[in-house]
Chemist: 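Can you keep this structure in mind? I'll have questions shortly.
The shown structure was predicted, so the numbers you read here are calculated from the model rather than taken from an experiment. The analysis underlying the following values was restricted to heavy atoms, covering all of them including side chains, and did not include hydrogens, waters or symmetry mates.
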Amino acid sequence: MELMGEKARLTDPVRPGPGLSVEEYTEQTTAAVRIAAVEETAAVGRTTADESARVPAETTAADSVLGAQLLRRGDLNGAEPHLRAATAAGDRAAANNLGVLLHQRGYPQEAAEWWRTAAVAGSAAAAHALGRYHRERGDEPAAFYWLRQSAESGHALGAYALADLLEHHGEDGAEEWFRAAAERGHREAAYRVAQAVNARAEELAARSGPTAAPVRDAAEEAERWFRQAAARGHRRAALRLGALLERRGELKEAGRWYLTSAKDGEARAACALGFLLRDAGDEESAAVWWRRAAEDGDGSAANALGALHADRGERQAAERWYRVALDAGSDNGAFNLGLLSAAQGRTAQAEQWYRRAAYAGHREAANALAVLLLQRGDAEGAEPWFSKAAESGSVDAAFNLGILYAGRGDEPSARRWYERAAASGHAEAALQVGIALLREGELHTAERHLRCAAGGGSVEGAFRLGALLERVTRHGTGELGSEHELGRPDGARPEYEEWYERAAEHGHRRAQVRLGMCAAARGEVVDAARWYRAAAESGSPNGAFNLGLLLAREGSEPEAAMWWARAAEAGHGRAALRLALISARGGELDEGQFWCARAMELGPAEVAERAAKLREALRSELTA
C-alpha cells in the first residue's frame, strides 16, 4: 500500500523555502501530525495469481504502514529499516516516506531520488515534494513539471505550490490552481483566492461604484472564501473577515473572528479587538488585548495604550508605550510623543519628535511641526512643511495653508487651498469658501458650502447658513426662499431658525441674538428673553441692548438700564442713547450729557445726531 501521508512532502519547519508563505508552512506542519490517508496498493495482487505471493505483499504493506507511523512519531532510526524494506519491494508510499526521512536526516539529494521513484510510480505527494525540492534549488522548469503532475493528480498541496509558482512568475492559471487547492480544503489557498477576488471587487468599485451588482457579487464571493479559510483556522483570514464585518456594522460577529484570530497569535486582530472593546465602553478589557498585541510587536496597539494612559493623565506610562510603538517601527509613536510633549509645554522636545515623524513621511506630524513653527513666528519655515503635509493628503495642512496665504493677502492662493480642504470634508475650510462666495453673490454655491460647514460641525457655518436663508426668505429676492419653505406645515418654524438654534446652543452670541429676535417677533417673550440673556451674559452688546428693550416693555426699566449700561460700556451707541434719555427724564442732567457724549462717539450716524440734539437740550436746561 501507499501512504499518502502528510509526512510525504518536502518540509523543514525552521527553514521556509523560496516563494512560500509562513501560513503554508504552518498548514503543512499542522498536517504532518494528522493520520495519513491509506491507499490500497493493488498492483502487487495483480502481478501474480499465485496465492503464495499474498504473504510477501502483506509483509510489504505492514512494513510501509509501520515505517510511516514511526516516522510520524519522530523515530527515524526505527522507521528507516521498515521503509527501506517496503521500498525495495516496490511500495511507492514507502519510497515517498523514505525520501521524507532522508530529507530530515540532511540528505536532500538522496531524498529526491526516492521521491522521483515514487512520483514516477504515481505518487502525487512525492511529485509535490520533488517539485518543491527543485524550486528550492532554482530549477523552476523541473519544479513546474513535477508540481503540475501532483496538482493534476488532485493533490491539494501540489495544486497550491503550483499556483504559488505561477503567481510568482506572473503567469496565468494561478487563481485556478489556488481554487483547486482551496476546494480540497487547503486553507492558505482559500485565503489567497479570497484576496484575489477581494482585489477585483475593489477595482470594480473604483470604476463603477460600490453598489454595482458585479461589485456586490465579487465582495460576497471574497467573504465566502475568507470564511472558509477562517473556519479552518487561518488567523489572517479571520482578521480580514472580522474587518469586513466591522465595516458592515456587524460588530458582534466581527468581535468573535477577531478573538479567534487573536487567540491564534495574530497581533493585529488583538489590536482590532481592543478598539472594538474600547468603543463598547470596556477600556480595561481593551487594554488587556492592546497590551498583548503590543508585546507581540504591534505598534498601533502600543499607540492605543499610550493614548489610553494619556487620557487618564498617566504621562509616564503613556510615554513608555509611545516609545514601544516607536521601537516597533510606528511613526505614530514619534508623532504621539510630540503631542505629549507639546501638551506638557515642552515645545523643544515636541519639535524634535514632530521632525522625526515628519522626516519619516508622517503627514500630520509635518502639519503639527508647521503649526509649531508658525506659532513661533517662523512662517517661512512653516510653509514647506504645510505644503509637504498637504500634498501628502493632510486636510488640516491644506486648511492651514489657506490661513497662511490669507494672512499674506494672497486671496487666490488661500481660496485654492480652502477649496481643496473643503472638497475633503473640512468644515472650517468649507465655511471660508462659503463666505468668499457670499461676497461674490454666488448664493446657491455659497449655500452648498455653508451646509457642508454646518453639517460638519462648524458653529459659525450654522450661523452663516441661517443668516443666508433668513435673508432670501424674508426679502423674497432669491430663489432659495421658496425651496426652504417647501413641505413645511403651517406654523412650523422656518429653516433658518433651526440653524440659528444649532449655533446658539453652542454659545454663538450672534445666533442667540437672532434667535431671540425671531422669538420676540412671534410674541414669545420668555424664549426671547432667554436667548437675549444668554448672549448678554456671554458679553454680547446687542444681546444686552435687546434684553433691556424687552425688560423696559415689560415695565422693568431699572433692570433694563443695568443691561443698557453693560451694552454701552461695550460700545453700543443706542444703549448709551437710551441711558441718556432715562437720565434726562429723571433730571440727572450731568449724567445725561455724559451718555449723550458717549452715544455721539459710538454712533451710528442717526444715533449720534439724536444724541447731539439731546445734549444741546440738556445744556440749555442746565444754563437756564
Side-chain angles (χ1 to χ4, degrees), residues 12-16 20-31 33 187-188 190-192 194-195 226-227 229-247 251-312 314-337 339-340 353 356-357 360-362:
D12 185 350
V14 299
R15 185 175 56 83
L20 302 170
S21 70
V22 173
E23 283 289 344
E24 183 188 0
Y25 270 87
T26 304
E27 175 94 29
Q28 295 172 2
T29 303
T30 302
V33 298
R187 65 185 186 186
E188 175 69 12
Y191 178 66
R192 300 280 281 273
Q195 286 183 303
F226 278 132
R227 282 188 181 278
R232 293 180 177 275
H234 194 292
R235 68 190 191 199
R236 284 182 294 155
L239 169 65
R240 293 290 299 275
L241 180 57
L244 286 174
L245 293 165
E246 183 180 3
R247 284 197 296 272
L251 303 185
K252 190 173 182 179
E253 188 180 0
R256 286 201 299 269
W257 286 111
Y258 283 149
L259 179 61
T260 298
S261 181
K263 285 182 175 179
D264 285 341
E266 181 60 54
R268 290 173 297 171
C271 181
L273 180 58
F275 281 110
L276 274 189
L277 290 166
R278 182 205 62 183
D279 293 343
D282 188 355
E283 283 191 350
E284 295 305 318
S285 297
V288 170
W289 286 104
W290 281 334
R291 187 172 292 106
R292 180 168 172 174
E295 289 169 351
D296 286 340
D298 190 284
S300 296
N303 275 312
L305 273 174
L308 185 64
H309 286 291
D311 289 342
R312 294 173 178 175
E314 300 164 353
R315 301 293 183 184
Q316 288 184 339
E319 184 172 344
R320 177 167 59 85
W321 283 112
Y322 286 150
R323 288 182 182 275
V324 170
L326 187 61
D327 291 341
S330 170
D331 297 332
N332 270 329
F335 175 57
N336 287 329
L337 282 167
L339 292 175
L340 194 65
W353 289 118
R356 178 167 177 174
H362 195 292

Chemist: Glu253: which residues meet the salt bridge (charged side-chain N to carboxylate O under 4.0 Å, His left out) condition with it, sequence neighbours left out?
Modeler: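 In terms of salt bridge (charged side-chain N to carboxylate O under 4.0 Å, His left out), with neighbours along the sequence ignored, Glu253 is linked to Arg227.
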Chemist: Could you pull out all residues at least two apart from Ala267 that satisfy side-chain contact (heavy atoms from CB on, under 4.5 Å)?
Modeler: Ala293, Asp296, Asp298
Chemist: Apply side-chain hydrogen bond (donor to acceptor under 3.5 Å, both in side chains) to Arg320 and list each qualifying residue two or more places apart in sequence or on a separate chain.
Modeler: none
Chemist: Going by the rule side-chain contact (heavy atoms from CB on, under 4.5 Å), which residues pair with Ala334 if we only count those two or more places apart in sequence or in a different chain?
Modeler: Leu326, Trp353, Arg356, Ala357
Chemist: Can you sort out the partners of Asp327 under side-chain hydrogen bond (donor to acceptor under 3.5 Å, both in side chains), two or more places apart, ordered by chain and number?
Modeler: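 side-chain hydrogen bond (donor to acceptor under 3.5 Å, both in side chains) list for Asp327, sorted by chain: empty.
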Chemist: With sequence neighbours left out, write down each residue that passes side-chain contact (heavy atoms from CB on, under 4.5 Å) with Gln316, or none if nothing qualifies.
Modeler: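 By the side-chain contact (heavy atoms from CB on, under 4.5 Å) rule, Gln316 matches no residue at all.
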Chemist: Which residues pass the salt bridge (charged side-chain N to carboxylate O under 4.0 Å, His left out) test with Glu314, not counting sequence neighbours?
Modeler: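 By the salt bridge (charged side-chain N to carboxylate O under 4.0 Å, His left out) rule, Glu314 matches no residue at all.
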Chemist: Could you list the residues that satisfy side-chain hydrogen bond (donor to acceptor under 3.5 Å, both in side chains) with Tyr258, not counting sequence neighbours?
Modeler: Glu246
Chemist: Apply side-chain hydrogen bond (donor to acceptor under 3.5 Å, both in side chains) to Ser330 and list each qualifying residue two or more places apart in sequence or on a separate chain.
Modeler: Asn303
Chemist: The criterion is salt bridge (charged side-chain N to carboxylate O under 4.0 Å, His left out); which residues satisfy it with Arg292, sequence neighbours excluded?
Modeler: none
Chemist: Are any of the side-chain nitrogens in Arg278 or Glu284 under 4.0 Å away from the carboxylate oxygens of its partner?
Modeler: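 No, this pair does not count.
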Chemist: Can you list the steps and then say if Glu319 with Arg323 is a side chain to side chain contact (heavy atoms under 4.5 Å, CB included)?
Modeler: CA-CA 6 Å; Glu319 184 172 344; Arg323 288 182 182 275; 3.1 Å; yes
Chemist: Could you list the residues that satisfy salt bridge (charged side-chain N to carboxylate O under 4.0 Å, His left out) with Arg256, not counting sequence neighbours?
Modeler: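 For Arg256, no residue satisfies salt bridge (charged side-chain N to carboxylate O under 4.0 Å, His left out) once neighbours in sequence are set aside.
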Chemist: If you look only at pairs with a residue in residues 262-290, which of them pass as a ring-ring contact (aromatic ring centres under 6.0 Å, His included), with sequence neighbours excluded?
Modeler: Phe275-Trp290
